[in-house]
Amino acid sequence: MSPIADNLSNTAENRALDWLMGNATTAPTTPLKVALVTANGSDTTAGTEVTGGSYARKNMTVAAATNGATSNSADLSWTGMPAATVVGVEVWDNAGTPVRLWYGALTTPRTVAAGDELKIVAGSLSFSLA
């Protein structure tokens with residue numbers, strides 16, 4: 001997994017600045033959800049999310065930040081995947097209309113066959129503010 005450093009969506013950047021500057025007091029609606037994508041997005045556009053099989057976004061927990069960084073604190077496991085090549089991940093909040101917060105490419109794309117499992121082990125999905 002590659003670190004997702006400086007890959008905040010524009011929406012998340014604005015929300016973080018508003019919070020840091022005292023213009024907002026709310027945090028994202030939890031639990032945060034990890035989505036798998038077959039085409040990566042950008043600051044302004046979401047990627048192409050996996051569909052089919054038993055795929056669904058997974059809840060993510062993270063450890064408390066240390067030195068400006070954190071990572072997933074538990075394995076993320078998708079079973080019953082559709083046939084796909086997963087090239088990246090996105091992190092969304094759990095609001096009624098979810099907000100995309102982070103995005104990033106996998107170090108190496110992962111190709112799965114129908115019915116396969118895809119796992120991101122604890123600590124391998126890292127986030128930092130640089």
What residue pairs, at least two apart or across chains, pass salt bridge (charged side-chain N to carboxylate O under 4.0 Å, His left out) with a residue in residues 26-37? none
Answer yes or no: is there a donor N or O on one side and an acceptor on the other, between the side chain of Asn72 and the main chain of Leu125, under 3.5 Å? yes
Gap separating the CZ atom of Arg100 from the CG atom of Leu8, nearest 0.5 angstrom: 10.0 Å
Linking Ile, Leu, Val, Met, Phe, Trp and Tyr through side-chain heavy atoms less than 4.5 Å apart, which residues share a cluster with Trp19? Leu20
List the residues meeting side chain to side chain contact (heavy atoms under 4.5 Å, CB included) with Thr30, not counting sequence neighbours, and say none if there are none. none
Going hydrophobic residue to hydrophobic residue with side-chain gaps under 4.5 angstrom, can you get from Phe127 over to Leu101? yes
Name every donor-acceptor pair, under 3.5 Å, that has one atom in a side chain of residues 73-92 and the other anywhere in the protein, sequence neighbours excluded.
residue : atom : partner : partner atom : Å
Ser73   : OG   : Thr61   : O            : 3.3
Ser73   : OG   : Thr61   : OG1          : 2.8
Asp75   : OD1  : Ala122  : N            : 2.8
Ser77   : OG   : Glu117  : OE2          : 2.4
Trp78   : NE1  : Ala56   : O            : 2.9
Thr85   : OG1  : Thr111  : OG1          : 3.1
Glu90   : OE1  : Trp92   : NE1          : 3.2
Glu90   : OE2  : Gly47   : N            : 2.6

Got a sec, which pairs hit salt bridge (charged side-chain N to carboxylate O under 4.0 Å, His left out) with one end in residues 60-70, sequence neighbours left out? none
Run the side chain to side chain contact (heavy atoms under 4.5 Å, CB included) test on Thr38 and Val50 for me, step by step, so that the C-alpha distance in whole Å, both residues' side-chain angles and the decisive distance to 0.1 Å come before the verdict. CA-CA 6 Å; Thr38 59; Val50 169; 3.8 Å; yes
Is there a path from Trp102 to Val34 through hydrophobic residues (I, L, V, M, F, W, Y) whose side chains come within less than 4.5 Å of each other? yes
Hydrophobic clustering (ILVMFWY, side-chain heavy atoms < 4.5 Å, transitive) - are Leu129 and Val99 grouped together? yes
Considering residues at least two apart in sequence or located in another chain, which fulfil the side chain to side chain contact (heavy atoms under 4.5 Å, CB included) criterion with Ala113? Asp116
Identify the two heavy atoms, one from Ser124 and one from Ile120, that lie closest to each other, and give their separation to 0.1 Å. OG-CG2, 3.3 Å
Between the CG atom in Leu32 and the CG atom in Asn94, the distance rounded to the nearest 0.5 Å is 8.5 Å
Of all residues at least two apart in sequence or in a different chain, which pass the side chain to side chain donor-acceptor pair (under 3.5 Å) check with Arg57? Glu49
With Thr45, which residues qualify under side chain to side chain contact (heavy atoms under 4.5 Å, CB included), at least two apart? Ser42
Is the closest side-chain heavy-atom distance between Leu36 and Arg110 below 4.5 Å? no
Quick one, Glu13 and Asn10 - any side-chain contact, counting heavy atoms below 4.5 Å? yes
Contacts of Thr26 that satisfy side chain to side chain contact (heavy atoms under 4.5 Å, CB included) - sequence neighbours left out: none
Smallest separation among heavy atoms of Pro98 and Asp93, with atom names: CA-OD1, 3.4 Å
Report yes or no: does Asn7 contribute a side-chain atom to a donor-acceptor pair with the main-chain N or O of Tyr103 at less than 3.5 Å? yes
